[in-house]
Structure formats: C-alpha cells, structure tokens
Amino acid sequence: METDKLLDALKEEHISNVLDQVADYNFAGCLNKLIADKGVKKSDLFNEAMIERSYGYQILKGRRLPSRNKVLALALSLKLSLADTNRLLSLSDNGALYANVKRDAILIYCLVRHMSVIDTDQQLANYGYQSLNEEN
C-alpha cells in the first residue's frame with residue numbers, strides 16, 4: 001500500500017485492520033534492494049565506503065546494524081538521493097539528516113553532488129567535523 005494511503009488508513013481504521021498491509025521492511029532488505037537496483041558489486045561498495053568486507057556482509061545479512069556514519073558512507077558510495085539516505089538512516093535507528101544542523105548540511109551538500117566518501121571526509125575536515133570513518 002502506498003505510504004499516504006497507509007497513513008490515512010492508520011488515522012481512520014483500527015490497527016488490526018491495517019497492520020497486515022504494512023510491509024515488514026528492514027535496513028538489510030532495503031539496502032540489498034538499493035544495491036541490486038544500482039547494479040553495484042558488493043565488494044566494490046565496501047571498498048568505496050571504506051567498510052571492512054566481513055562487517056559489510058554482516059550488515060547485508062541483517063546480523064549487524066551499522067552506525068550513522070557507516071550508513072552515510074554506504075549512501076554516498078551508492079550515490080543515493082537524500083530521501084533514500086534518510087530512509088536508510090531511519091531503518092537503522094539513526095537520525096535523519098537535517099539541513100539546519102551544520103554537519104548534516106555538509107553531508108547533504110556532498111550527497112546531492114554525489115561526492116565520494118573521501119571527498120566528503122575532506123569537506124567535513126575543512127569545517128572541523130568528524131570524519132565518516134571515526135566513531136564516537
């Protein structure tokens with residue numbers, strides 16, 4: 001069911017009448033679909049995103065949920081739209097990108113220009129922000 005129709009149904013009907021129409025959507029499933037849609041080799045994706053291969057496959061199999069920075073590195077490497085990136089961030093229990101947050105504004109700038117992870121890290125460094133390869 002389309003999202004708008006689903007939202008309307010959730011507002012107007014009992015949850016038990018609507019729940020069976022909600023897809024069981026998860027991060028790994030969404031990421032695997034995006035990879036297939038883009039026709040990208042998984043090994044190339046991990047190299048571009050600077051993610052260790054075995055960890056990357058654990059993510060794809062749903063065994064690990066990546067950090068926000070790893071999700072962003074994957075999104076940049078796949079050259080995803082802002083909407084797809086925010087969907088992945090949401091599905092991985094990470095916050096969406098917001099233009100009014102300075103680090104997020106830099107990341108949005110890089111995403112819409114399809115910059116690489118390395119170029120994005122350089123932009124972040126230029127403004128004194130944490131690299132995508134650093135974890136808190």
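This chain uses plain numbering: 1 for the first residue, then up along the sequence. Below, each value reflects all heavy atoms present in this structure, side chains not excepted, and no hydrogens, waters or symmetry copies.
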Do L76 and L111 make a side-chain contact, defined as non-hydrogen atoms from C-beta onward lying under 4.5 Å apart? yes
Please report the interatomic distance CG(L107) to CD(Q123), rounded to the nearest 0.5 Å. 10.0 Å
Would you check, one step at a time, whether the test side-chain contact (heavy atoms from CB on, under 4.5 Å) holds for I59 with F27? CA-CA 9 Å; I59 292 170; F27 177 82; 3.5 Å; yes
Minimum heavy-atom distance between Y129 and K102, given as atom pair plus value: OH-CB, 3.1 Å
Is there a side-chain contact between L78 and D84 in this structure, where contact means two heavy atoms from C-beta onward sitting under 4.5 Å apart? no
Less than 4.5 Å apart, any side-chain heavy atom of L80 and any of K38? yes
Are V112 and V101 connected into the same hydrophobic cluster when the rule is that any two of I, L, V, M, F, W, Y join if their side-chain heavy atoms are below 4.5 Å apart? no
Give a yes or no on whether M115 and L89 share a hydrophobic cluster (residues Ile, Leu, Val, Met, Phe, Trp, Tyr; joining criterion: side-chain heavy atoms under 4.5 Å apart). no
Step through the shown structure and confirm whether more than 12 heavy atoms of other residues, nucleotides or ligands are within 6.0 Å of NZ on K33. no
Kindly say whether S67 contributes a backbone atom to a donor-acceptor pair with the side chain of N69 at under 3.5 angstrom? no
When every non-hydrogen atom of R103 is compared with those of Q130, the smallest separation belongs to NH2-O, 2.9 Å
Lys/Arg N to Asp/Glu carboxylate O, D104 vs R68, below 4.0 Å: yes
Answer yes if Y109 and Y98 sit in the same cluster of Ile, Leu, Val, Met, Phe, Trp and Tyr residues linked by side chain heavy atoms under 4.5 Å apart, and no otherwise. no
Is there a donor-acceptor contact under 3.5 Å from the side chain of R64 to the main chain of Y55? no
Within the 3.5 Å criterion, strictly below it, is a donor on Q122 or N126 matched to an acceptor on the partner's side chain? yes
Using every non-hydrogen atom in the two residues, find where A105 and A99 come nearest and quote the distance to one decimal. CB-O, 3.5 Å
Evaluate the side-chain contact (heavy atoms from CB on, under 4.5 Å) criterion for residues S92 and L65: first the C-alpha distance (whole Å), next the side-chain angles of each, then the deciding distance (0.1 Å), finally the verdict. CA-CA 6 Å; S92 63; L65 206 53; 4.2 Å; yes
What are the two closest heavy atoms between N94 and P66, and how far apart are they? ND2-O, 3.3 Å
Evaluate the side-chain proximity of I35 to L60: yes if any heavy-atom separation is below 4.5 Å, no if none is. yes
Is it the case that the side chain of N133 and the backbone of V117 share a donor-acceptor pair, with hydrogens and angles ignored and the cut-off at 3.5 Å? no
L72 and L97, any side-chain heavy atoms less than 4.5 Å apart: yes
Short question: side chain of S90, backbone of N86 - any donor-acceptor pair under 3.5 Å? no
Residue pair K70 / M50: nearest heavy atoms and the distance that separates them: NZ-O, 4.2 Å
Whether the side chain of D121 engages the backbone of L132 through a donor-acceptor N/O pair (distance < 3.5 Å, no angle test) should be reported. yes
CZ of R113 to CD1 of I108, rounded to nearest 0.5 Å, is 11.0 Å
